[in-house]
Amino acid sequence: MCSIMGYCGTKMSYEDFKRSLSKTKTRGPDVSRIIKTNRGYLGFNRLSIMGLNNNGMQPFVFKDSSTLIYDVTSDAPCYGEPTDYDYALVCNGEIYGFRDLKETLIGQGYSFISDSDCEILPAMYKECGVDMFKMLDAEFALVLYDNKTDSYIAARDPIGIRPLYYGVDEDGSYIFASEPKNLVNVVKNIKPFPPGHYFKDGEFVCYRDLSEVEVYNNDSKEVILGNIHDLLIEGVDKRLDSDSPVGFLLSGGLDSSLVCGIAAQLMPRPLETWAIGMDIDAIDLKYAREVADFIGSNHHEIIITKKDVQDALEPVIEALGTYDITTIRASIGMYLLCKAIHEQSDNKVILTGEISDEIFGYKYTDFAPSPEEFQKESQKRIREIHMYDVLRADRCISVNSLEARVPFGDHDFVEYCMSINPDTKMNHYGKGKYLLRKAFEKDKIIPDDILWREKAAFSDAVGHSLKDDLVELAEATYSDKEYEDKIKKYKHATPFTKESLLYREIFEKYYPDESEMVIDFWMPNKSWDGCNVNDPSARVLSNYGASGV
């Protein structure tokens, strides 16, 4: 991960900009750089992943057909004069297939100074303008300053895997940043930059919505299974490209196990896999160990206690910038696991299993009353995932100076799977995510019992006591009267349990009056029979079954 920031005005001082950028130093601990434009600043904190030497440092400054070289060790706030270049760019991203794009641009007369994938973007902008965004196979958030027109362009990938937020200062100038913490006390009303959009001249334009399906495909089940299989393998393969060491989160559930199983077939050496569990009732550890033994990975287990969980709560909420119950519960284990990876290894790139549920279904989508409702729910989850599971993965990983890559978020994979007739994806088979499981049945890349294992929520599978320890802490914090009195002050996303009140009060400590950065609590669809519950955990659903063993 890296962190970026762009200020599109004249009132903010260099020192204030530098101070705001430094709040996300953990995203890019290697080196920082700020340049001045005619109207504002661009700033970058670097975590070196591709093109590890200093020539890969941003902001990239571009003139005519070449990237310019400057002294990245200098603390000077400005590179020359703003008129010395055509474009300047900061990007937190991974551009897949960039080597082929780079060769094409070189053939057109462009020259580059590094092996960084993001260096090609100013040249692509010069060639294609804002049409470049729909061409990118990438996870990215960027801000580009066009010195020719004195304008700023910002954009974010269609899933929102890379974070980007924005606000408007008192002068009416836009400010963009990787995390809301960069913008606290700088703007009011911090907002998430909408995924799949670009910003130009004060307008947000949608360039790609992966959740939208105009016509369902009519492929046979055999073709569907083959496409799911091949597209996921391609999604994993392209995310293994890194100049820094790669690690894998392995819960022992279907999604992370498939990612690890595929990668084990593609990598020339054993994987580095990581799992976490509570000291008294871990569910996932035994399954993760089974997968690790099967694929021959170098496996690491991290054991946590009640004290670890409760002590991590406040730093997790500060890192996340959310009050959402299920996101926070699931983040405790991931945060502590990534902290251990950072402290105990040289892994910098981490592959995870997020986004499968949004496509193929949760436990609660077994209750979907119709294919149309199943599809509508899937579309909602894909559009909003940048506020929930993707946010969790990004913050827990990046706050520990690591980079997340999400194969299930591959554009081609998501686009194809969303186009599958939802009736085919619904649970008519007595097993959720049947198509995904069946697609890899013949490969034998993970144990059969893992391939067909029931879905368990990550926080529950780290240990049922994890959730119970958090609830216990909240119960000890408020009396019933205190709870009733305190929730009245929150009109948006009103807390509805003592646990949710505890999370909200910690959130407000770091992000006062910014609750609308998250649309609401992540909860099952309460309008469906069987889903009108007051806790987001699948443990409260009637079909949870063998998920918790």
Side-chain angles (χ1 to χ4, degrees), residues 1-25 27-28 30-47 54-63 67-93 113-114 116-126 130 132-133 140-156 162-169 171 173-179 182-183 186-187 193 198-201:
M1 291 297 172
C2 301
S3 67
I4 65 173
M5 192 166 171
Y7 173 56
C8 313
T10 59
K11 300 295 186 183
M12 192 176 194
S13 72
Y14 168 72
E15 289 300 329
D16 285 344
F17 184 90
K18 183 177 182 180
R19 189 178 305 112
S20 295
L21 178 64
S22 70
K23 292 180 180 179
T24 47
K25 182 71 174 177
R27 296 187 69 92
D30 296 335
V31 64
S32 298
R33 178 75 181 181
I34 298 170
I35 65 168
K36 192 178 187 306
T37 69
N38 272 318
R39 186 165 48 87
Y41 302 95
L42 292 178
F44 186 74
N45 295 326
R46 187 186 190 198
L47 177 68
N54 281 342
N55 285 343
M57 180 56 185
Q58 301 183 38
F60 286 120
V61 178
F62 196 82
K63 183 173 177 60
T67 309
L68 303 179
I69 299 175
Y70 54 85
D71 181 8
V72 298
T73 63
S74 170
D75 192 40
C78 176
Y79 168 73
E81 294 298 323
T83 54
D84 286 345
Y85 56 83
D86 297 332
Y87 313 112
L89 170 132
V90 288
C91 178
N92 169 26
I113 61 173
S114 78
S116 170
D117 50 336
C118 295
E119 190 190 354
I120 66 172
L121 296 175
M124 287 191 68
Y125 178 76
K126 183 176 180 180
V130 293
M132 68 180 273
F133 299 121
F140 71 93
L142 65 79
V143 182
L144 181 145
Y145 175 67
D146 184 339
N147 193 39
K148 292 182 173 182
T149 60
D150 188 31
S151 60
Y152 282 88
I153 295 90
R156 191 179 184 190
R162 296 304 169 94
L164 192 62
Y165 291 79
Y166 74 97
V168 180
D169 69 7
D171 192 45
S173 299
Y174 281 84
I175 311 176
F176 302 95
S178 287
E179 294 190 24
N182 299 114
L183 302 178
V186 177
V187 301
F193 193 103
Y198 68 81
F199 166 93
K200 186 179 182 183
D201 300 327

Practice problem: Would you confirm whether the ring centroid of Phe199 sits within less than 6.0 angstrom of the ring centroid of Tyr166? | Solution: no
Practice problem: Flag the pair Lys200 / Val130 as yes when at least one side-chain heavy-atom distance between them is below 4.5 Å, and no otherwise. | Solution: yes
Quiz item: Nearest 0.5 Å, what's the CZ-CZ distance between Phe44 and Phe60?
Solution: 7.5 Å
Quiz item: Side chains of Thr149 and Ser151: donor-acceptor distance under 3.5 Å anywhere?
Solution: yes
Quiz item: When you look at Tyr152 and Thr37, which way does the side-chain hydrogen bond (donor to acceptor under 3.5 Å, both in side chains) test go after all the steps?
Solution: CA-CA 10 Å; Tyr152 282 88; Thr37 69; 2.7 Å; yes
Self-check item: Step-by-step side-chain hydrogen bond (donor to acceptor under 3.5 Å, both in side chains) determination, Tyr145 to Asp150
Solution: CA-CA 7 Å; Tyr145 175 67; Asp150 188 31; 2.6 Å; yes
Quiz item: Is it the case that Asn182 and Ser20 place a side-chain donor and acceptor less than 3.5 Å from each other?
Solution: no
Quiz prompt | Rounded distance [0.5 Å steps], CG in Asp146 versus CG in Asn38 | solution = 11.0 Å
Quiz prompt | Validation row: Leu47, Asp30 side chains within 4.5 angstrom (heavy atoms) | solution = yes
Quiz item: Side chains of Thr24 and Glu179: do they bring a donor and an acceptor to under 3.5 Å?
Solution: no
Practice problem: Heavy atoms only: give me the nearest Leu144-Pro122 pair and the separation to one decimal. | Solution: CD1-CA, 4.5 Å
Quiz item: Can you check whether Ser173's main-chain N or O pairs, donor with acceptor, with Asp171's side chain at less than 3.5 Å?
Solution: no
Practice problem: Would you indicate whether Lys25, at its atom NZ, is surrounded by more than 12 heavy atoms from other residues, nucleotides or ligands within a distance under 6.0 Å? | Solution: yes
Self-check item: Side chain proximity check, Thr67 to Asn55, heavy atoms < 4.5 angstrom
Solution: no
Quiz item: Rounded to the nearest 0.5 Å, how far apart are CD1 of Ile34 and CG of Asn45?
Solution: 8.0 Å
Practice problem: Nearest 0.5 Å please: distance from the CE atom of Met57 over to the CD1 atom of Ile113. | Solution: 12.0 Å
Quiz item: Which of parallel (below 30°), tilted (30 to 60°) and perpendicular (above 60°) describes Tyr41 and Tyr14?
Solution: tilted
Quiz item: When rounded to the nearest 0.5 angstrom, what distance separates NZ in Lys18 from CZ in Arg33?
Solution: 11.0 Å
Quiz item: Of the non-hydrogen atoms in Arg156 and Pro163, which two are nearest, and what is the gap between them?
Solution: NH2-CA, 3.5 Å
Practice problem: Could you tell me which non-hydrogen atom of Cys8 sits nearest to which non-hydrogen atom of Phe176, and how far apart they are? | Solution: SG-CE1, 3.7 Å
Exercise. Work out which heavy atom in Tyr85 is nearest to a heavy atom in Lys63; give both atom names and the distance.
Key: CA-CB, 4.2 Å
Quiz item: Gly6 and Val143: which non-hydrogen atoms are nearest, and at how many Å?
Solution: CA-CG1, 4.4 Å
Quiz prompt | Residue pair Cys2 / Ser178: nearest heavy atoms and the distance that separates them | solution = O-OG, 4.0 Å
Quiz item: Of Phe62, Phe133, Tyr87, which meets ring pair (Phe, Tyr, Trp, His ring centres under 6.0 Å) against Tyr125?
Solution: Tyr87
Exercise. Apply the test side-chain hydrogen bond (donor to acceptor under 3.5 Å, both in side chains) to residues Asn92 and Arg162: give CA-CA distance (whole Å), side-chain angles for both, the deciding distance (0.1 Å), then the verdict.
Key: CA-CA 7 Å; Asn92 169 26; Arg162 296 304 169 94; 2.8 Å; yes
Exercise. Could you check if a side-chain atom of Arg39 sits within less than 4.5 angstrom of a side-chain atom of Thr10, using non-hydrogen atoms only?
Key: yes
Quiz item: With respect to Gln58, which candidate in Val31, Leu142, Leu121, Leu89 satisfies the side-chain contact (heavy atoms from CB on, under 4.5 Å) definition?
Solution: Leu89
Quiz prompt | Distance (rounded to the nearest 0.5 Å) between Tyr165 OH and Leu183 CG | solution = 10.0 Å
Quiz item: Is the closest side-chain heavy-atom distance between Met5 and Ile175 below 4.5 Å?
Solution: yes
